[in-house]
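In what follows, a single structure is set out as structure tokens and then discussed.
Heavy-atom basis, side chains included; hydrogens, waters and symmetry copies ignored. We name chains A, B, ... by the order of the sequence lines, and we start the count at 1 in each one.
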2 protein chains.
Amino acid sequence: METKLYQGDCLELSKTIPDNSIDLVYLDPPFFTQKVQKLGARDRRKAFSFSDVWRSLDEYADFIFLRLREFHRVLAATGSIFFHCDHNASHVARLLLDEVFGKKMFRSEIIWHYRRWSNSQRSLLPAHQNLYFYSKTDEYKFREVLQEYSPSTNVDQMLQKRARDEFGKSAYARNEDGSLIPDGYKKGVPLSDVWDIPFLNPRAKERVGYPTQKPVLLLERIIEISTDESDWVLDPFCGSGTALVASILLKRNSIGIDISQEAIEVSRKRLVNPEKTESYLLRRGRDTYQQADEDALAYLKGLDMVPVQRNSGIDALLKTGFQGGPVPIRIQRPGESLLDAARSLYNAAKTKNASVMILVATETGAGFDAASSIPPEVFVIDATANAIHRLLKELEEEKE
Amino acid sequence: METKLYQGDCLELSKTIPDNSIDLVYLDPPFFTQKVQKLGARDRRKAFSFSDVWRSLDEYADFIFLRLREFHRVLAATGSIFFHCDHNASHVARLLLDEVFGKKMFRSEIIWHYRRWSNSQRSLLPAHQNLYFYSKTDEYKFREVLQEYSPSTNVDQMLQKRARDEFGKSAYARNEDGSLIPDGYKKGVPLSDVWDIPFLNPRAKERVGYPTQKPVLLLERIIEISTDESDWVLDPFCGSGTALVASILLKRNSIGIDISQEAIEVSRKRLVNPEKTESYLLRRGRDTYQQADEDALAYLKGLDMVPVQRNSGIDALLKTGFQGGPVPIRIQRPGESLLDAARSLYNAAKTKNASVMILVATETGAGFDAASSIPPEVFVIDATANAIHRLLKELEEEKE
DNA sequence: AAAGTAAATGAATCAGTAA
DNA sequence: GTTACTGATTCATTTACTT
């Protein structure tokens, strides 16, 4: 396996790469932020024409266009290109790719979706970037990647064969007597074009101090669907070298180019020991954080609260707070004693400056008898069902 | 509230709309594709095709450009436009919007993400569409919508204030004694630009046989973030009228235009009873299947009861009964007064030999003040949320 | 009791935004 | 520009649970 690194302009350097020798080009050029000139007021009445816009698209388009032509040349007939950009450049990227590769070679617009911080209140929180996937010809490589079925999928859907009905519509295949024809278990659903991959966190070890660094997992997925082992990957704006790391991990050859000497040095250091951070979130999935179980929260229907996931003692916080402090809420678990629940709540909330903590009692029986040893900050509230039982019990006793 | 429907070319018809009179334009023009759209499952024999007029990109761009200028004119200074398209037209849409509204008026690229079935093996499964959100000026309306915190967010993040330490670094704010300074009120996080909304289930009631029909929830979200009540919404390619339905549900005025007589008729029928059929997925999340009309019964979580289906006064019966008679239960409905709810329960249950009837109070506010006129058989129980509010109110008063 | 593991949670950072 | 504020994530540390 080879990994080559060059410092310089990728336009010049890619000219030294032979025709049809590369299987995948991944490019993540600097984001486009320049202004595009508008048509003058006198042109307003004119019909819109692309040539006008084209002319007004400045050096950025030019810059990319020249390089795309080289990348097209070096790609093998079975090769693909993935163009990474954000909303500033996405339309420019599309136009240029259509121009150089051809409209019909468009394969997918991939949305890389992540969650991120920000206090934006006058706009939606940006939480995605775009990748355009084009192939050089119709003979492009595409390695099938399957994902798990969605949890709401019907078992029949996974098991049954399809056929066409008399109008050409797809339907479950049936025998003459109308019974369904089962099929073997299918392996999963095809990978969708929206990829939920966590943004590389500022604290991640994987970070090498390069601000635009991409997660290795994103690059691995791109390489997996479009290449085979020992194929050649080219990243002409390689930055901190994530594509090269992913290539090494997946046993692909790779060429990285960057204009910045610093980027090359960062990459070179990183390639000595190519690593992928196996963060908890990536390894185990988002669901593992979901510990505030739906079941418990259901008791709080109609309450204006925020569920709390990462704390074993607190299930939710009241949105309004109380006298400047938060109001933590806990639901008694099945089988858990009221006293245990109260202690667990108290311990989790005591450092949070809460003057009122609320415990919702869900278990009938024992009830408030243990009340004496419950900390004074903890107020016990009956769940509706419990309140009903208590009422009936009281009525019963009254009668006696 | 007004809802107007016109059949004709939106270019001509929008010329009759006064300047600055519209608050939101939502447009979902026929997708730019060579394929002819076919009618859905409802009636396969009837051919339903958008006139496949656009033979070249320029022609399509011209068509849209002329209309966008009109939409820009009719928009108020605080108004916004949402342009719905898929990957075939997204770059064209961006260029035209940049041209007509200005590059700086770009607000967001919204990704509508959905899951659906396909057997595509040579490509990624298309699972999103794009919406471009532009405003007419910088004074655009934007109504804050909040979502829940990500599961990986910890309580301290939600609760604690920040400050700068002596080196100017951000840190949690502390008192002199080292204790943390809390911040009780937290509302949630800003809405992101990737919206996970299920594709309209082919079986949903909402479906009226129009191939490109959008979920009402998608349109509701667009209308909510960009308009206030009684604002004007314009949908110049209204199709089956989803934007109009959402406008009615959210108490906005609206104008729908479509070139097809059939679309206008479909819309007109639909507007008679604008109904929102929420899919299973939306109501309860992806992993739970839930019976219909569970909304009220959710308050009774943990109670051993039988739901009552065909009785407007009684929601459930306690399985155990009380002193030989049944125990009917009713949940107070949103907006319903406690007294009304009590009467409705009493009337429904008086012939059922019940000595105890239970009314669950879900609305905060008025409370038990009307208790005097409630029949003695009816016992009012606070829903958990209500009990919590009552407790906090009492604590507040104690302190005074 | 001591040691080793797993889980809980506190601290820190930012191709974030807003005024 | 400059400064203040945000929350998703992950690292580091503490606490809790096993042997």
Side-chain angles (χ1 to χ4, degrees), chain A residues 28-33 84-89 112-130 196-215 217 237 239-240 242 263 276-286 288-289 291-292 306 308-314 317 328 340 343-344 347-352, chain B residues 107-108 138 142 144 146-165 167-174 178-183 185-194:
Chain A
D28 174 28
F31 283 177
F32 172 59
T33 48
H84 191 136
C85 57
D86 74 351
H87 61 78
N88 290 301
W112 171 31
H113 171 41
Y114 46 83
R115 274 148 254 259
R116 219 193 357 199
W117 63 87
S118 171
N119 66 341
S120 80
Q121 280 156 29
R122 291 272 297 151
S123 66
L124 297 166
L125 182 58
H128 75 274
Q129 288 175 17
N130 310 50
D196 192 344
I197 295 177
F199 189 81
L200 200 58
N201 198 69
R203 297 293 313 255
K205 266 190 199 151
E206 189 182 315
R207 277 222 166 190
V208 291
Y210 212 80
T212 67
Q213 200 180 334
K214 305 291 180 296
L217 186 71
F237 299 91
S240 58
T242 306
K276 174 168 74 161
T277 313
E278 282 289 341
S279 81
Y280 187 77
L281 182 60
L282 277 176
R283 200 170 58 240
R284 310 288 289 278
R286 202 167 295 284
T288 49
Y289 281 100
Q291 38 183 234
V306 195
V308 170
Q309 305 288 354
R310 279 189 53 188
N311 190 294
S312 59
I314 301 170
L317 291 169
D340 284 348
R343 282 192 184 136
S344 163
N347 284 333
K350 65 186 171 193
T351 59
K352 311 277 188 278
Chain B
R107 296 295 152 215
S108 292
D138 278 331
F142 189 83
E144 195 183 43
L146 296 170
Q147 288 184 311
E148 282 183 8
Y149 285 87
S150 158
S152 52
T153 305
N154 56 27
V155 208
D156 299 293
Q157 290 280 6
M158 302 180 196
L159 283 180
Q160 283 153 213
K161 270 194 183 141
R162 304 289 186 94
R164 301 267 157 198
D165 68 9
F167 306 111
K169 293 246 174 183
S170 172
Y172 294 130
R174 286 171 190 280
S179 64
L180 291 157
I181 301 170
D183 192 3
Y185 184 81
K186 293 275 171 164
K187 340 166 225 60
V189 299
L191 188 62
S192 106
D193 61 3
V194 179

A:N201 CG - C:dA11 P separation (whole Å): 17 Å
Short side-chain N/O contact from B:S150 to OP1 or OP2 of D:dG7, under 4.0 Å: no
Under-3.5 Å donor-acceptor pair between A:N119 side chain and D:dT6 base: no
C1' spacing across the pair C:dG16 / C:dA12, given as an integer number of angstrom: 16 Å
Integer-rounded Å distance: C:dG10 P and B:M158 CE: 12 Å
Identity of whatever pairs with C:dT13 - Watson-Crick or G-U, under 3.5 angstrom: D:dA8
Check: D:dT10 base within 3.5 Å donor-acceptor of A:R310 side chain: yes
Atom-pair distance (CH2 on A:W117; P on D:dT10), nearest Å: 11 Å
Touch class at under 4.0 angstrom, heavy-atom based, for A:Y114 against every strand present: nothing
Spacing of B:N154 atom CG relative to C:dG10 atom P, expressed in whole Å: 7 Å
A:R203 side chain, from C-beta outward: closest of D:dA8, C:dT17, C:dA12: C:dA12
Closest listed nucleotide, where the reference is the side chain of A:A348 and the choices are C:dT9, D:dT10, C:dG16: C:dT9
Spacing between A:R207 atom CZ and D:dT10 atom C1', to the nearest angstrom: 11 Å
Integer-rounded Å distance: D:dT15 P and A:R343 CZ: 19 Å
Candidates D:dT6, C:dT17, D:dT10 - which lies nearest the side chain of A:S118: C:dT17
Distance, rounded to the nearest Å, where B:D156 contributes CG and D:dT10 contributes C1': 15 Å
Candidate pair B:Q157 and A:R310, rule side chain to side chain contact (heavy atoms under 4.5 Å, CB included), full reasoning: CA-CA 11 Å; B:Q157 290 280 6; A:R310 279 189 53 188; over 6 Å; no
N or O in side chain of B:S152 less than 4.0 angstrom from D:dT9 OP1/OP2: yes
Point-to-point distance, once rounded to the nearest 0.5 Å, from CD of A:Q309 to CD of B:E148: 7.5 Å
Under-4.0 Å side-chain N/O to phosphate OP1/OP2 contact, A:K205 with C:dT13: no
Exercise: do A:N88 and A:D86 side chains pair donor with acceptor under 3.5 Å: yes
Non-hydrogen side-chain atoms of A:L125 and B:V189 separated by less than 4.5 Å: no
Verdict with reasoning, A:H84 to A:W112, per side chain to side chain contact (heavy atoms under 4.5 Å, CB included): CA-CA 10 Å; A:H84 191 136; A:W112 171 31; 3.8 Å; yes
Value in whole Å for how far the P atom of D:dT9 lies from CG of A:D196: 9 Å
Sugar-phosphate only, base, or nothing, as touched by B:T153 at under 4.0 Å among non-hydrogen atoms: base
Sugar-phosphate only, base, or nothing, as touched by B:G188 at under 4.0 Å among non-hydrogen atoms: sugar-phosphate
hbond_proxy A:Q121 side chain to C:dT17 base (donor-acceptor, 3.5 Å cutoff): no
Closest nucleotide among C:dT9, D:dA8, C:dG10 to the A:S312 side chain: C:dT9
OP1 or OP2 of C:dT9 under 4.0 Å from side-chain N/O of A:N311: yes
Note, A:Q213 side chain near A:T242 side chain (heavy atom, < 4.5 Å): yes
